[in-house]
There are 2 protein chains.
Amino acid sequence: MESGLTLSSLSRARAASPARKPLSLVAFAKQLGLSPSTVSKAINGRADVNAKTRARVLEAAAAQQFTPDPAGRRLRRQASDTIGFVLSAPQAHFAHPFFLDMLTGIDEALEGTPYQTIIASARSPEREMECFVRLVEQHRVDAVLFARTRRNDPRIAYLLARKVPFVAFGRSESTKAYPCIDIDHTVVGNAGCARFIALGHRRIAQITGPSDLMFTHHQRLGYRQALAHAGIAFDPALQVEDVLTEEGGARAAGVLLGQPNPPTAIVCGHDLMALGVMRMIAQRGLRPGTDVGVIGGDNHPIGALIDPPLTSFTAQTREAGRRMVQMLMASLAGTPAKQLQEVWVPELIVRSSDGPRRPALASEYRIATAKPKRERSIA
Amino acid sequence: MESGLTLSSLSRARAASPARKPLSLVAFAKQLGLSPSTVSKAINGRADVNAKTRARVLEAAAAQQFTPDPAGRRLRRQASDTIGFVLSAPQAHFAHPFFLDMLTGIDEALEGTPYQTIIASARSPEREMECFVRLVEQHRVDAVLFARTRRNDPRIAYLLARKVPFVAFGRSESTKAYPCIDIDHTVVGNAGCARFIALGHRRIAQITGPSDLMFTHHQRLGYRQALAHAGIAFDPALQVEDVLTEEGGARAAGVLLGQPNPPTAIVCGHDLMALGVMRMIAQRGLRPGTDVGVIGGDNHPIGALIDPPLTSFTAQTREAGRRMVQMLMASLAGTPAKQLQEVWVPELIVRSSDGPRRPALASEYRIATAKPKRERSIA
DNA sequence: TATCCTTTCGAAATCGTTTTCGAAAACCGG
DNA sequence: CCGGTTTTCGAAAACGATTTCGAAAGGATA
């Protein structure tokens with residue numbers, strides 16, 4: 001059956017579904033006693049149309065809910081009015097609100113513009129490029145948004161070479177400037193580690209995702225900065241990476257805790273990994289947050305609900321989605337890429353997993369008892 | 001700045017971004033020494049083209065990566081080749097993989113077809129209809145997919161009246177048939193409750209989402225069926241509803257546990273609610289899974305990670321997304337709606353939250369220690 | 001071989017919009 | 001009132017594909 005879904009069967013199928021024919025621009029124009037060109041110009045805000053005429057057109061359009069058919073518009077304009085948002089390997093992030101949050105922000109910012117978002121998901125990291133190429137070469141999108149940049153990101157190289165407008169969530173080591181917005185993850189590594197130092201820890205480990213991811217790379221740099229600043233020698237055995245999942249975090253923690261001189265605190269780059277870390281700590285007979293401190297990285301909502309509640313960092317994913325769209329519009333309008341680069345500084349959200357255990361409200365039990373009072377979020 | 005984003009500024013902006021001109025069908029046809037019509041027909045699988053010619057065309061198209069420009073195709077065909085997927089009130093489901101899973105399934109099934117998915121998110125339940133109307137009346141989509149049906153769903157009425165092809169995830173009380181796929185949530189209520197009865201419980205409560213949601217309604221029916229089957233009198237005070245969030249679950253549990261004769265077990269319609277329920281049980285000084293049994297409803301991945309691990313039901317959201325697309329294609333091809341209705345039976349995933357506490361692997365600690373061995377999932 | 005039917009192809013119309021360019025109208029200062 | 005400038009509008013030509021319909025070629029039959 002799947003193979004029977006040929007292009008031809010699809011096209012013939014369409015004929016079966018009827019639908020009332022909508023108002024075309026020419027018909028609408030005739031109604032108003034104007035030419036199609038004038039109506040079009042009125043709607044599109046061109047200068048060469050009398051203010052009075054324009055008002056009349058817009059009023060009638062609003063009254064009759066008239067909107068120019070996007071199909072005609074697109075053909076003539078040679079633009080698809082469509083922005084592609086690429087999900088990378090969604091199966092790996094199944095329980096993470098990251099992409100959906102970002103998508104929501106994007107959709108919000110696009111409200112009222114003629115643009116729409118199409119999503120495309122890359123089956124695997126290897127097939128990511130494929131996804132971009134298809135979107136671009138088949139003229140399905142005017143611009144692209146995506147996240148999870150890598151240090152050396154072929155997608156960025158491709159889009160730049162192909163001159164496709166885009167905004168990335170995340171920096172890279174590209175020598176050419178491109179519009180992007182990023183969270184400063186050196187802060188996540190640095191401030192997380194520094195907090196443990198301030199709490200008296202000396203043997204502090206870091207668990208992150210794959211280091212070819214730019215944000216992971218930054219986290220690792222930040223961690224080393226904090227150590228250096230405190231005069232603590234960097235021990236490579238304490239900095240491990242694994243995949244960005246709960247299991248990855250657990251596995252990495254197992255490696256760390258199995259060492260002869262295990263760490264007393266672990267900073268994580270990702271909250272799901274932190275969850276796995278906490279699970280592994282418990283499995284080893286230790287108490288997360290008491291025997292071994294844990295700090296996460298991206299404020300997964302589940303972090304507030306577990307026990308001990310996870311100390312983490314603000315993420316602002318939805319706001320980032322919104323901002324990416326604004327930057328894209330600016331980019332399309334000609335603003336140079338150098339002016340379209342923002343780095344947001346995340347803030348620590350202090351809960352309980354990062355230090356000696358505080359008396360919990362219902363300390364006998366295993367599920368977080370209430371939202372911690374000490375939580376501090378950014379405005 | 002936001003208000004400066006007029007249609008006109010956008011359109012002029014576009015001119016700024018250049019791009020190599022791609023191969024048009026006429027140019028491609030000329031290359032082959034054929035007419036555009038023949039090439040088009042070859043590609044679209046029409047009958048009146050010689051097998052040899054068709055092979056030659058398809059080969060060349062593959063070699064040169066030629067694809068007919070969707071814009072022209074859409075204009076002529078009077079179809080957008082686009083399917084709308086509507087997210088309802090995403091902010092309420094922030095941490096739930098439901099929508100992203102479904103989206104992934106949809107995208108998978110659409111691979112290789114000329115269709116693409118656009119997503120639209122309804123700001124609030126009240127503005128849901130707005131979203132549908134805009135999508136349809138502005139010709140942005142050929143068909144629509146959506147989830148979370150209500151008992152009496154105006155979206156379904158609208159789409160049926162407007163003759164827009166669609167597939168819903170969830171049944172409703174519509175008298176007219178429409179294509180849909182659904183999980184049988186009476187099973188969630190029934191089997192969950194029955195399990196507690198089998199474990200010896202007699203005072204069993206149910207916490208669900210708002211009862212105007214169809215799946216919630218089914219859950220509530222199933223719960224009463226199980227009670228009736230066991231000859232236990234239904235106590236309305238034990239069946240409460242709240243919003244579909246962790247907080248909602250906690251609040252509802254608070255109400256139940258505050259009663260003079262509180263329940264010894266609680267079946268939930270939704271895993272996030274179950275999480276809140278467990279939190280409230282702990283907050284009341286009781287042990288979830290030991291003093292009060294808890295069963296969830298839709299296999300949120302976090303359920304396997306908490307302690308005690310949450311007994312729940314299979315959800316198969318991604319598979320459902322795939323199947324919805326297949327059914328939509330069938331519907332477009334003329335298959336009557338009555339043949340496009342499926343109800344899938346969820347299966348219990350037994351972990352630990354539903355019964356007397358089993359010895360945990362690292363019983364001192366507060367985070368689940370390992371994936372439970374007893375977990376049983378469907379094939 | 002003539003006739004008819006089938007197969008295969010292409011010319012031309014069409015989808016609905018935007019845009020260019022020219023013409024008419026209105027306005028202006030002298 | 002006139003020449004020149006500015007506004008305002010509309011006719012017509014795109015944009016790139018699909019589809020209808022007719023014609024040519026090929027095959028079969030009498």
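Just so we're on the same page: letters track the sequence lines, and every chain starts at 1.
- If you find the closest nucleotide of DNA chain D to A51(A) and to S37(A), the one lying nearer the 5' end belongs to A51(A).
- Interface remark: the R76(B) side chain does form a donor-acceptor pair with the dT14(C) base, using a distance-only criterion of under 3.5 Å.
- Contact between the side-chain N/O atoms of N50(B) and the OP1/OP2 oxygens of dT7(C) is not found at any separation under 4.0 Å.
- By the neighbour-count criterion of 12 heavy atoms within 6.0 Å, atom CD of E59(B) is sparsely surrounded, having that number or fewer from other residues, nucleotides or ligands.
- In this structure, the CG atom of L34(A) is 16 Å from the C1' atom of dT17(C), given to the nearest Å.
- OP1 and OP2 of dA17(D) both lie 4.0 Å or more from every side-chain N or O belonging to S40(B).
- Within the structure, a side-chain polar atom (N or O) of T53(A) is placed less than 4.0 Å from OP1 or OP2 of dC9(D).
- To the nearest angstrom, P of dA17(D) lies 13 Å from CG of D81(B).
- Surrounding CD of E342(A) are more than 12 heavy atoms belonging to other residues, nucleotides or ligands, all under 6.0 Å away.
- In this structure, R54(B) atom CZ and dC9(C) atom P are separated by 10 Å, rounded to whole Å.
- Contact annotation: R73(A) does not reach the phosphate of dG16(C) (side-chain N/O to OP1 or OP2, under 4.0 Å).
- Side-chain atoms of S35(A) and S37(A) include a donor-acceptor pair closer than 3.5 Å.
- Put simply, NE2 on H139(B) is 14 Å from C1' on dT17(C), counting in whole angstrom units.
- Between the side chains of Q65(B) and Q138(A), no donor-acceptor pair is found at a separation under 3.5 Å.
- Whole-Å rounding puts the L25(A) CG to dC15(D) P distance at 20 Å.
- When the nearest nucleotides of DNA chain C are assigned to K41(A) and V39(B) by heavy-atom distance, the more 5′-ward of the two goes with V39(B).
- For L32(A) and dG10(D), the CG to P distance is 11 Å, given to the nearest whole Å.
- Remark: C1' of dT7(C) and NZ of K52(B) are 15 Å apart, rounded to the nearest angstrom.
- With rounding to whole Å, L75(A) atom CG is found 12 Å from dT18(D) atom P.
- Checking V26(A) against D48(A), the closest nucleotide of DNA chain C that is more toward the 5' end is the one next to V26(A).
- Taking 4.0 angstrom as the limit, R77(A) places none of its side-chain polar atoms (N or O) nearer than this to OP1 or OP2 of dT18(C).
- Nearest nucleotide to the side chain of R46(B), out of dC15(C), dT19(D), dT19(C): dT19(D).
- Geometrically, R148(B) engages F98(B) in a cation-pi contact, judged by NZ or CZ lying under 6.0 Å from the ring centre and within 45° of the ring axis.
- Below the 3.5 angstrom threshold, one finds no donor paired with an acceptor across the side chain of S35(A) and the base of dA11(D).
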